[in-house]
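Note on naming: letters A, B, ... go to the chains in the order of the sequence lines (proteins, then strands), and numbering restarts at 1 for each one. Fair warning: this is a prediction, and the values are worked out from it, not measured in the lab.
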Number of protein chains: 4
Amino acid sequence: MDHPLQTAKAWSRSRRRARPQDGDARTRILDAAEELFAGGGYEATPTARIAELAGVPKGLVFHYFPRKIDVLVSLVDERTVVTEEEVEALPGDAAGTLSRLARGLPLRASPAMRRILFREADTHLSVRERLGRLNSEIIRRARFALELALPGGRGDAARVEAAAATFAAVLLYQESICLLTGHHIDPDAVAELIANALH
Amino acid sequence: MDHPLQTAKAWSRSRRRARPQDGDARTRILDAAEELFAGGGYEATPTARIAELAGVPKGLVFHYFPRKIDVLVSLVDERTVVTEEEVEALPGDAAGTLSRLARGLPLRASPAMRRILFREADTHLSVRERLGRLNSEIIRRARFALELALPGGRGDAARVEAAAATFAAVLLYQESICLLTGHHIDPDAVAELIANALH
Amino acid sequence: MDHPLQTAKAWSRSRRRARPQDGDARTRILDAAEELFAGGGYEATPTARIAELAGVPKGLVFHYFPRKIDVLVSLVDERTVVTEEEVEALPGDAAGTLSRLARGLPLRASPAMRRILFREADTHLSVRERLGRLNSEIIRRARFALELALPGGRGDAARVEAAAATFAAVLLYQESICLLTGHHIDPDAVAELIANALH
Amino acid sequence: MDHPLQTAKAWSRSRRRARPQDGDARTRILDAAEELFAGGGYEATPTARIAELAGVPKGLVFHYFPRKIDVLVSLVDERTVVTEEEVEALPGDAAGTLSRLARGLPLRASPAMRRILFREADTHLSVRERLGRLNSEIIRRARFALELALPGGRGDAARVEAAAATFAAVLLYQESICLLTGHHIDPDAVAELIANALH
DNA sequence: TATGAATGAGAATTCATTCAT
DNA sequence: GATGAATGAATTCTCATTCAT
């Protein structure tokens, strides 16, 4: 379960504890890269700074990740998981279901990893793919929740689709928006808004 | 009115005609930078490539823009305008007003510049600020449209605010989302959705 | 007559007034160069900074001084004059004569120009020559003063020579020493010292 | 004991033997810089020339010395030592003591490093400080020698001070003067002169 | 595995100098 | 004379990557 206010550092610390079999150095390299890529971007981050922040010698980074891009790819591969479990939706409670979706994104990833997912999606195919899958999964869940909650009469599949997409857009970019523009959006309010819209 | 399919080149060519006093070289440098920054990103674009595409010697880039970042800043300063005109809103027609807002973002910028605005918001404060102003302006207009459309005594300013922010988020990132995930969002549907939500 | 405490700025201002026929721009360029060469050195001073400080366009510097080195050479040629007048020496008063020599170096040059003379002597022949001539002239005068002041018995030409050279060394480098090490030397005290030494 | 005619290269070669743990490349870079800075000056020496003379690739210079100025600073830090040992002064023999001081400046540095110390004092604070310390140390020793040599109750500390400062000035700049103006000063003669002056 | 020196291509930037107007 | 855009070689500095140990 993600705590949106949890820092990247705390997040990865807890994860490190959870998978102690990770080579310490390799994990520290990924931790450092996560922090730096999220902060300054992949291109602007020298591998030497990663090594420095990780407290490992420069050569070791290339021992584990032969090319710099492998650090990013590994980060995305190992630290963003789009969970595709069954959606738990209560019939009739669209707002609540969306709220729960907002609280538990189908994404196991630190806030830092989420930023990386957006920021580097332009440049690197594997990142873009992961982001696409995440987007689809949120939409799928939102659609499911809304369909379940709505009274039988269909026909407005398009409206449900728009609602799901809207919700996904807000969830996905909420953090970025806040960081970039300083404007905060409350996912619960959006959930309720969208649920209302479909009645 | 923006033609999303218009290329950055065509767009700026038409603008060049509008300001013929622009030094040819300086304009060509900005044109080239616009294209390259939009394509590969600021960090990944060497100034030498800008000069090459602009057809000017490397040194001239630094004659006009002492530091590389000045190219980006000038681009944003000179080629993106957040328009703050009066909102034309019809009382009672929230959906239509939002739709019109979606169709004509209060942003005068080429498609390329829009990508740059979103993509490089991390890179420099001035870009971030411009994006923030755009976000605020969209929210302001959406809020105005929704307030006008709603029956007099509604006290739930919070809901209106959430609706406006949601709309802004969807609009702003619609292009990015589409580019990144291939998923298209129909702004009109979102406009109607949000208008509905407040009844 | 030089006031050692007079600043370079005041000095050149008074001189500018004294030769109003100087082309204003050319003079301002030399003024600026004088200040900058003295402060940061010839090599470290771009011609663009000279133009900027002089308040003239960059091209004008090269109009008057086709190569950068010409600025330095002109500066030395025009703003350091080793005066080779007759020495006024009172027989019997070596200390007083040396003191007067210290107070009125046989050099018409601002403090800034004196620094330039030392600093750039390594690199540029014309500067070195001027410095050499100045050194010789001081020694010549000091020798003359000392010979005049001393009782008839010669034989200690070597001692007189050492005394004159010492005095010249102290005079010439006194400013530099002070600037570099913060240690101040009183020329009068040295004059008296040297005069005493020869009795 | 310094051999003034010993080349910088020979000098540092002998020192290299003394610290064989020095990385060969780093030492060669400093050797090359020493030679080039002494010859043409810091500003006029490109790092590429240093690398070339050292026989190392350009990048290695920056591996050891992240900024060019670090080469100069390291050179001064590591290759000039102002020795602050006890002064060996014979009571009553001021001239001899000063002579000995002249012959063995309290400075362990190659001839090249001495030139650099004087020439680049403007360029960086650390160089200036080192030169200042050398000046102070010479003055301290000269003062000590003169005080010891003088009859007990002399109260004219000011004259001793001027004498010491004069001696330091002559010693410090003797090399420069000679190089620049071709005029040689005999330190022994100056020592005797100054000793005489205080009687 | 682990290390940090070594490498060199390439990036940003500087700057003297030219030149058309 | 006066101007500032234009030029490109040279310079400082960066950095991914290799490699011997």
Measure all distances between protein nitrogen or oxygen atoms and nitrogen or oxygen atoms of nucleotides 18-21 of chain F, and list the pairs falling under 3.5 Å.
from    : atom 1 : to       : atom 2 : distance (Å)
dT18(F) : OP1    : Arg67(A) : NH2    : 3.3

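Every ring pair (Phe, Tyr, Trp, His ring centres under 6.0 Å) that Phe37(D) has, sequence neighbours left out, goes to Tyr42(D). Every side-chain contact (heavy atoms from CB on, under 4.5 Å) that Thr47(D) has, sequence neighbours left out, goes to Phe62(D), Lys68(D).
Within a heavy-atom distance below 4.0 Å of DNA chain E, no residue of residues 119-128 of chain A is found. Scanning residues 36-46 of chain A for heavy-atom distances under 4.0 Å to DNA chain F yields Thr45(A), Pro46(A).
Put simply, the side chain of Phe65(A) reaches to within 4.5 Å of the side chain of Leu30(A), judged on heavy atoms. Proximity of Leu75(C) to Thr80(C): side-chain heavy atoms (C-beta onward) are nowhere separated by under 4.5 Å. Counting heavy atoms from C-beta on, the side chains of Ile116(B) and Leu72(B) come closer than 4.5 Å. Looking only at side-chain heavy atoms (C-beta outward), Arg26(D) and Ser74(D) come within less than 4.5 Å of each other. Looking at heavy atoms from C-beta onward, Leu53(B) lies out of side-chain contact with Ile29(B) at the 4.5 angstrom threshold. Counting heavy atoms from C-beta on, the side chains of Arg130(D) and Asp77(D) come closer than 4.5 Å.
Between Arg79(A) and Asp31(A) there is a salt bridge, with a side-chain nitrogen of the basic residue lying less than 4.0 Å from a carboxylate oxygen of the acidic one. With respect to the salt-bridge test (charged N to carboxylate O, under 4.0 angstrom), the residues Asp122(C) and Arg128(C) do not qualify.
Atom pair Phe65(D):CZ and dT11(F):C1' shows a separation of 19 Å (rounding to whole Å applied). Distance Ile50(B) CD1 to dA11(E) P: 12 Å, rounded to the nearest Å. As rounded to whole Å, 12 Å separates atom C1' of dA16(F) from atom CG of Asp70(A). Note: CD1 (Ile69(C)) to C1' (dT17(E)) measures 15 Å, nearest angstrom. In this entry the distance linking NZ of Lys68(D) with P of dA10(F) reads 16 Å, nearest Å. Here the C1' atom of nucleotide dT11(F) and the CD atom of Glu52(D) are 14 Å apart, to the nearest Å.
A distance of 9.5 Å separates OH in Tyr64(D) from CZ in Arg28(D), rounded to the nearest 0.5 Å. To the nearest 0.5 Å, atom CZ of residue Arg115(A) and atom CD of residue Glu120(A) are 10.0 Å apart. Separating the CD atom in Glu43(A) from the CZ atom in Arg119(A) is a distance of 11.0 Å, to the nearest 0.5 Å.
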(request) Can you run through DNA chain F from 5' to 3' and write each base as (, ), [, ], | or . depending on how it pairs? Watson-Crick or G-U wobble, both distances under 3.5 Å. (result) .||||||||||||||||||||
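For the residue pair Ser126(D)/His124(D), the side-chain donor-acceptor check at 3.5 Å is satisfied.
Both Leu60(C) and Leu60(B) lie near DNA chain F, and the one whose nearest nucleotide falls closer to the 5' end is Leu60(C). Both Ala48(D) and Pro57(C) sit near DNA chain F, but only Pro57(C) has its closest nucleotide nearer the 5' end.
Residue His63(B) places at least one side-chain N or O closer than 4.0 Å to OP1 or OP2 of dA5(F). Put simply, Thr47(A) has no side-chain N or O that comes within less than 4.0 Å of OP1 or OP2 on dC15(F). Phosphate proximity of dA2(E) to Tyr64(A): present, with a side-chain N or O under 4.0 Å from OP1 or OP2.
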